[in-house]
Amino acid sequence: TLEAFEDRRAAVIEVDDMESLKLEKEGRTVEASRDAFGKWTLKGTETDLPEDLANGLLWAVKDLRFEKPLKDSPGQPEEKGFHLLLEQKSGKDADLRFGLLENGKPYLWRQSQAFSLSDSSWNTLDEAVTKILKSTQK
């Protein structure tokens with residue numbers, strides 16, 4: 001017998017369809033957009049955002065898996081919280097808020113629903129965010 005497949009992707013995005021990203025964490029904002037040649041450029045500058053960092057973040061988001069929907073709103077993240085806004089050429093935007101619950105479990109708030117995330121998904125995403133923030137420090 002076939003077991004039922006449950007799609008546990010937390011954010012359904014197409015990496016190649018991304019036009020821009022905006023990352024807000026700890027009072028810092030990093031905005032980048034993709035030009036016609038596929039290069040990522042930081043907003044308001046002529047500085048490139050390394051493609052491996054931008055794509056690393058996007059693949060981490062695409063690969064996010066949730067464990068279960070949360071019944072209640074998680075509220076403001078206790079720590080390690082950040083906001084990610086992704087704009088796609090198709091017009092489908094992803095407005096994603098991440099953080100840790102009081103018990104230390106990572107979560108994603110998407111539209112009007114919250115999900116607990118797997119630790120491995122969270123660790124990969126957190127590492128990608130940290131790399132972008134470090135590479136764009138002035």
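All values derive from a computational prediction rather than experimental measurement.
- Note that the CG atom of L117 and the CG atom of D126 stand 11.5 Å from one another [nearest 0.5 Å].
- Side-chain contact between V61 and L58 is absent, with no heavy-atom pair separated by less than 4.5 Å.
- Applying the side-chain hydrogen bond (donor to acceptor under 3.5 Å, both in side chains) test to N123 and every residue at least two apart in sequence or in another chain returns nothing.
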* Could you walk me through whether F82 and L125 pass side chain to side chain contact (heavy atoms under 4.5 Å, CB included), step by step? => CA-CA 11 Å; F82 63 93; L125 178 64; 3.6 Å; yes
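- Annotation: side chain of L84 is not in contact with side chain of V129 (no heavy-atom distance under 4.5 Å).
- For E24 (side chain) and V30 (main-chain N/O), no donor-acceptor pair under 3.5 Å exists by modelled atom type.
- Put simply, CG on L64 and CG on L96 are 8.0 Å apart, with the number rounded to the nearest 0.5 Å.
- Shortest non-hydrogen contact noted between L100 and P106 is CD2-CA, 3.6 Å.
- Summarising the geometry of A32 relative to L49, their closest heavy-atom pair is CB-CD2, 3.8 Å, with the distance given to 0.1 Å.
- The side-chain hydrogen bond (donor to acceptor under 3.5 Å, both in side chains) search around K131 returns E127, not counting sequence neighbours.
- Residue pairs meeting the side chain to side chain donor-acceptor pair (under 3.5 Å) criterion with at least one partner in residues 56-69, sequence neighbours excluded, are E67-K105.
- Under the 4.0 Å criterion applied to side-chain N and carboxylate O atoms, D48 and K39 are assigned as salt-bridge partners.
- Not one N or O on the side chain of T45 forms a donor-acceptor pair closer than 3.5 Å with the backbone of T41.
- Annotation: the span from L85 atom CG to L23 atom CG amounts to 10.5 Å, rounded to 0.5 Å.
- Proximity of R110 to R97: side-chain heavy atoms (C-beta onward) are nowhere separated by under 4.5 Å.
- Between the OG atom in S116 and the CG atom in L108 there is a gap of 10.0 Å [rounded to 0.5 Å].
- A distance of 8.0 Å separates OG in S20 from CD in E31, rounded to the nearest 0.5 Å.
- In this pair, F66 and F115 present their aromatic rings tilted. The plane angle is within the 30 to 60° band.
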* Asked: Can L101 and L70 be said to form a side chain to side chain contact (heavy atoms under 4.5 Å, CB included), step by step?
  -> CA-CA 11 Å; L101 299 169; L70 298 174; 4.2 Å; yes
* Asked: How far apart are the C-alpha atoms of N55 and W40, what are their side-chain angles, what is the distance that settles it, and do they pass the side chain to side chain contact (heavy atoms under 4.5 Å, CB included) test?
  -> CA-CA 9 Å; N55 286 341; W40 286 96; 3.9 Å; yes
* Begin from the C-alpha positions of E14 and Q88 and carry the test side chain to side chain contact (heavy atoms under 4.5 Å, CB included) through to its verdict. => CA-CA 8 Å; E14 291 301 324; Q88 301 182 86; 4.0 Å; yes
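- Proximity of S33 to K43: side-chain heavy atoms (C-beta onward) are nowhere separated by under 4.5 Å.
- Residues W109 and A114 come closest through the heavy atom pair CE3-CB, 3.3 Å.
- Atoms NE2 and NZ, on H83 and K25 in that order, are 14.5 Å from each other to the nearest 0.5 Å.
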